[in-house]
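Everything numeric in this text was worked out from a predicted model, so none of it was measured. Here is the naming used below: chain letters follow the sequence lines, and residue numbers restart at 1 for every chain.
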Number of protein chains: 2
Amino acid sequence: MSLRHALLGLLVDRPASGYDLMKLFDTSLAHVWPATQSQVYGELNRLAEAGLVDVSAEGPRRRKEYTITGQGRQELGSWLAAPTQRQPRRSELLLKVFFLHLATPEQTRAMLAEREKRAAADHERLAALRAALESEEGPLTVNGRIALEYGLRWAEMERDWAGWAAAQIEG
Amino acid sequence: MSLRHALLGLLVDRPASGYDLMKLFDTSLAHVWPATQSQVYGELNRLAEAGLVDVSAEGPRRRKEYTITGQGRQELGSWLAAPTQRQPRRSELLLKVFFLHLATPEQTRAMLAEREKRAAADHERLAALRAALESEEGPLTVNGRIALEYGLRWAEMERDWAGWAAAQIEG
DNA sequence: GAGGCCATGTAACATGTTACATGATTGT
DNA sequence: ACAATCATGTAACATGTTACATGGCCTC
């Protein structure tokens with residue numbers, strides 16, 4: 001149900017239409033919580049039905065502008081305060097690791113090397129981004145920096161793990 | 001489509017019924033690729049229809065025993081060799097981080113502290129498991145150790161990140 | 001007047017969850 | 001005979017993806 005909270009969170013800043021929100025999903029939220037058009041428009045209707053947002057204005061081209069309600073803010077607040085499960089419960093990578101004995105050592109090492117390469121590339125990309133952000137000011141970038149750091153540390157972890165894992169493979 | 005590959009992988013070892021496979025999902029694959037009964041039975045029927053498995057025997061209580069076919073092995077092999085995307089594309093944690101400015105510094109620090117605590121607990125649990133596994137022998141545990149190490153490093157990363165992030169919050 | 005952007009939606013499909021339905025066989 | 005376990009499935013719902021449908025408005 002987090003698409004719902006993502007929409008509510010975006011609507012706190014200012015009222016917006018589904019179209020506006022879609023653009024925000026495609027830009028700022030693209031790497032954190034991607035969403036499709038159908039999802040956004042559908043969820044906005046459900047949100048309005050549930051009283052968490054209101055249609056505050058109608059504009060040209062059937063434009064509907066949504067505003068978050070008090071009930072919506074409350075829902076968002078309790079979501080933010082609630083603890084979050086750690087987890088991608090399903091990992092295709094680890095599933096492959098589970099079946100490693102079904103491939104040759106060469107195949108396995110190649111797979112892990114590929115993974116290491118990708119993680120290293122991601123790490124470099126994010127490190128460059130962090131360097132670029134360091135010169136910028138403003139409280140708006142604090143969140144971004146914290147999220148970025150997560151991605152950076154994760155890529156680093158995975159890169160190192162893949163290297164270590166390849167060394168464990170015998171033969 | 002990885003449920004399909006998980007089933008094929010399990011069937012390489014030996015033929016099995018849906019019931020047998022469910023038990024394997026609940027034990028060995030529980031943390032890597034959980035699956036429900038409905039999914040397993042449904043996918044097995046689809047797999048048989050696609051010719052990737054055969055019903056090799058029928059037993060008491062309508063038991064159907066499935067065996068992987070040559071085509072099934074081929075499908076499994078190419079899946080194992082193919083590169084895997086890095087990714088949980090959606091992260092509820094990072095979504096909350098994105099909206100951190102909507103909560104008070106106290107709430108934010110509490111949320112991050114909770115996360116740190118959970119990651120630390122997971123880390124300890126896995127470290128104990130690794131220690132227990134160290135005394136065991138056999139090539140069957142190599143995979144398990146590699147997967148375990150991933151979880152361990154991830155928990156460590158998250159624990160440290162949460163501590164660092166909490167320190168970034170002002171006020 | 002034509003092309004591009006604004007704007008909202010529906011339909012079909014894939015995957016996964018939860019709950020329910022049904023019954024056979026085995027061991028005590 | 002009764003309970004536990006074996007065994008397979010269906011139905012309803014939630015979430016997400018892809019493709020398609022429809023049309024208004026603005027600028028050149």
Worksheet item: Would one find more than 12 heavy atoms of other residues, nucleotides or ligands at under 6.0 Å from atom CD of A:Gln74?
Response: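 Counting neighbours around CD of A:Gln74, 12 or fewer heavy atoms of other residues, nucleotides or ligands fall under 6.0 Å, so no.
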Worksheet item: Does CD belonging to A:Glu106 count more than 12 external heavy atoms closer than 6.0 Å?
Response: yes
Discussion item. Classify B:Met22 by what it touches in the nucleic acid, base, sugar-phosphate, or nothing, heavy-atom distance under 4.0 Å.
Written reply: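 Nothing, no nucleic acid heavy atom in range.
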Worksheet entry | B:Met1 versus B:His5, closest heavy-atom pair with distance | O-ND1, 3.2 Å
Fill in: Minimum heavy-atom distance B:Arg86-A:Trp154, with the two atoms named
NH2-CD2, 3.6 Å
If we count only N and O atoms by modelled type, under 3.5 Å, do the side chains of [X] and [Y] hold a donor and an acceptor together?
X: B:Tyr19; Y: B:Gln37; answer: no
X: B:Trp79; Y: A:Glu92; answer: yes
X: A:Thr84; Y: B:Lys96; answer: yes

Polar atom pairs (N or O), protein with nucleotides 24-28 of chain D, under 3.5 Å:
from	atom 1	to	atom 2	distance (Å)
D:dG24	N2	A:Arg61	NH1	2.9

What is the distance, rounded to the nearest whole Å, between atom [atom1] of [X] and atom [atom2] of [N]?
X: B:Arg4; N: C:dA14; atom1: CZ; atom2: C1'; answer: 12 Å
X: A:Tyr19; N: D:dT22; atom1: OH; atom2: C1'; answer: 15 Å
X: B:Leu24; N: D:dA7; atom1: CG; atom2: P; answer: 13 Å
X: B:Leu47; N: C:dT15; atom1: CG; atom2: P; answer: 12 Å
X: A:Tyr66; N: C:dA7; atom1: OH; atom2: C1'; answer: 11 Å
X: B:Lys23; N: D:dT5; atom1: NZ; atom2: C1'; answer: 9 Å
X: B:His5; N: C:dT15; atom1: NE2; atom2: P; answer: 11 Å

Discussion item. Using salt bridge (charged side-chain N to carboxylate O under 4.0 Å, His left out), reason through B:Glu116 and B:Arg118 one step at a time and then give a plain yes or no.
Written reply: CA-CA 5 Å; B:Glu116 186 178 4; B:Arg118 289 182 185 219; over 6 Å; no
Worksheet, complete the sentence: Going 5' to 3' through nucleotides 16-21 of chain D and flagging B where a protein heavy-atom sits under 4.0 Å of the base, S where only the sugar-phosphate is that close, and - otherwise, we get SBBB--
Worksheet item: OP1 or OP2 of C:dG9 less than 4.0 angstrom from a side-chain nitrogen or oxygen of A:Tyr41, does that happen here?
Response: no
Discussion item. Tell me whether the side-chain N/O atoms of A:Lys64 come closer than 4.0 Å to OP1 or OP2 in C:dG9.
Written reply: yes
Discussion item. Please determine whether a side-chain nitrogen of the Lys or Arg among A:Arg145 and A:Glu149 lies less than 4.0 Å from a carboxylate oxygen of the Asp or Glu.
Written reply: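 A:Glu149 and A:Arg145: not salt-bridged.
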Discussion item. Contact list please: residues 7-18 of chain A against DNA chain C, heavy atoms, distance less than 4.0 Å, in numerical order.
Written reply: A:Ser17, A:Gly18
Worksheet item: Is the cationic atom of B:Arg153 (NZ for Lys, CZ for Arg) positioned less than 6.0 Å from the six-membered ring centroid of A:Trp164 and within 45 degrees of its normal?
Response: yes
Worksheet item: Cation over ring, B:Arg115 on B:Trp161, under 6.0 Å and within 45°?
Response: no
